[in-house]
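Have a look at the structure below before the remarks.
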Number of protein chains: 2
Amino acid sequence: MRQMGNKAKLIEAATDLIHQKGYHTTTVDNILDKTGVKKSNFYYHFKSKEELALIALDSRIEQFEEEIINYTLLDGSISPKSRLKRFYKKISDYHESLNCERGCPFGNLAIEMSDVNEGFRSRLSVFFQNWESVLESCIAEGIKRGEFRSDIDPQHIASLLLCHLEGAIMMVKTYKTPEPLSSRIHSIMKLLEPI
Amino acid sequence: MRQMGNKAKLIEAATDLIHQKGYHTTTVDNILDKTGVKKSNFYYHFKSKEELALIALDSRIEQFEEEIINYTLLDGSISPKSRLKRFYKKISDYHESLNCERGCPFGNLAIEMSDVNEGFRSRLSVFFQNWESVLESCIAEGIKRGEFRSDIDPQHIASLLLCHLEGAIMMVKTYKTPEPLSSRIHSIMKLLEPI
DNA sequence: CTATTAGGTCTGACCGGTCAGTCCTAATTA
DNA sequence: TAATTAGGACTGACCGGTCAGACCTAATAG
């Protein structure tokens with residue numbers, strides 16, 4: 001984290017604040033206060049609050065794919081089942097480390113923005129579909145290896161898993177306990193076992 | 001619905017607008033415009049926007065439990081499996097009728113408000129837990145009747161189903177297609193089949 | 001070597017508009 | 001006659017966004 005320019009600082013702060021409070025309730029002034037950047041300089045780097053938020057979303061997506069997906073679901077050095085377990089563990093630990101606050105940075109935004117801003121919706125849609133297809137490959141390989149049951153379409157399982165994950169993170173945030181995610185991983189694995 | 005007083009009109013409009021746009025982006029003036037009620041009269045009936053929104057949430061919860069839960073998951077005249085199917089059908093049809101917009105009125109609010117307003121969070125938390133326990137009873141009875149597999153705790157299955165449902169509604173809203181919910185019901189039923 | 005130009009970054013003052021909420025008076029209705 | 005509704009003016013805080021100009025550095029021209 002060496003010598004960050006104002007532009008980078010703004011992107012970082014926006015990413016964090018939007019995850020915390022959502023897009024609409026994060027004000028430009030909030031971002032300015034957190035960074036010490038002046039408003040006029042903000043609008044030198046970005047033409048609008050929306051533009052910054054979209055850039056912040058893109059960078060968050062990239063980071064998630066590089067730091068989470070690549071080291072879990074896409075780690076070819078371990079079995080599909082292990083990959084899936086590691087994936088759940090990592091997500092679950094993350095939300096526990098946040099004291100069950102904030103929720104999913106992507107799911108939150110999907111709910112807040114999908115009906116009112118096509119830019120956010122389409123990015124999130126592509127992102128989720130990509131995530132789903134990575135899950136699908138993991139499941140498909142697991143079925144081939146006999147780790148998972150083979151009587152359900154891997155694509156459908158992937159969809160079920162991603163939807164459940166997003167809903168579970170919502171419940172973690174609502175109930176303020178990690179259980180809906182952490183304590184259910186075992187049941188999910190059981191449902192996927194070969195019959 | 002004849003001859004509604006201003007108070008009832010305000011609650012109805014608030015319920016609808018908050019489902020459409022969320023709490024923060026729904027302004028008091030929006031609600032006033034929609035109802036034709038004057039601002040002074042608004043504050044005659046409610047001490048704040050928050051108070052109205054909380055009352056609107058309560059009435060929406062009540063309505064949901066009476067009109068959806070009671071006629072599906074709690075309908076003792078049909079089998080647990082049929083109840084569950086009817087439940088999914090009803091929810092799925094509802095979101096299709098909304099052109100895959102809006103999302104779940106409860107899930108939306110849970111994500112928007114859980115971290116910033118304890119009143120909303122606690123109401124939603126109780127509501128979701130109640131919903132889960134109704135699902136659990138349905139599953140438990142289905143297991144007893146041999147309709148569902150018996151090797152997983154009904155409480156865990158209920159949690160999985162509710163989380164998946166909320167996530168699926170999120171995806172319906174994001175992808176703008178009913179598929180994540182409508183086309184996956186069959187797979188869910190298959191996963192629950194006795195082994 | 002000096003003067004000029006250019007591009008990128010940053011600033012303080014300011015804009016019109018919106019927010020939730022208040023206040024007051026007068027009319028209407030049950 | 002008490003509860004409700006109508007009507008409008010008003011507040012202070014805050015919203016996203018604009019603007020003219022200052023500052024720094026490096027390349028270029030005389």
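By convention in this document, chain letters (A, B, ...) are assigned in the order of the sequence lines, proteins followed by strands, and residues within each chain are numbered from 1. Computed from a predicted structure; not experimentally measured.
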Handout entry: Greater than 12 external heavy atoms within 6.0 Å of A:K21's NZ
Key = yes
Handout entry: Over 12 foreign heavy atoms within 6.0 Å of NZ, A:K176
Key = yes
Less than 4.0 angstrom between a side-chain N/O of [X] and OP1 or OP2 of [N], yes or no?
X	N	result
A:Y44	C:dT9	yes
A:H45	C:dC10	yes
B:Y43	C:dT22	no
A:N30	D:dC15	no
A:N6	C:dT9	no
A:K38	C:dC10	no

Practice task
Indicate, with a heavy-atom threshold strictly under 4.0 Å, whether A:T25 touches base, sugar-phosphate, or nothing.
Solution key: nothing
Practice task
Step by step, work out the side-chain hydrogen bond (donor to acceptor under 3.5 Å, both in side chains) result for A:T72 and A:R86.
Solution key: CA-CA 6 Å; A:T72 59; A:R86 189 184 284 183; over 6 Å; no
Can you check the [X] [atom1] to [N] [atom2] distance for me, whole Å?
X	N	atom1	atom2	result
B:I31	C:dT18	CD1	P	17 Å
A:H24	C:dT18	NE2	C1'	14 Å
A:F42	C:dC14	CZ	P	22 Å
B:D29	C:dT18	CG	P	10 Å
B:N41	C:dA27	CG	P	17 Å
A:L10	D:dG17	CG	C1'	15 Å
B:L32	C:dT22	CG	C1'	14 Å
A:F46	D:dT18	CZ	C1'	17 Å

Problem - Quiz item: A:K39 side-chain donor-acceptor pair to D:dG16 base, under 3.5 Å - result: yes
Fill in the blank from the handout: On DNA chain D, more 5' by nearest nucleotide between A:K47 and A:T27 is A:T27
Exercise for the section: Decide whether B:S79 and B:S82 meet the rule of one side-chain donor and one side-chain acceptor closer than 3.5 Å. Expected result: yes
Exercise for the section: Look at the rings of B:F128 and B:W131 and say which category their plane angle falls in: under 30° parallel, 30 to 60° tilted, over 60° perpendicular. Expected result: parallel
Fill in the blank from the handout: Quick note, A:S40 side chain, CB onward, closest among C:dA20, D:dT18, D:dT5 is D:dT18
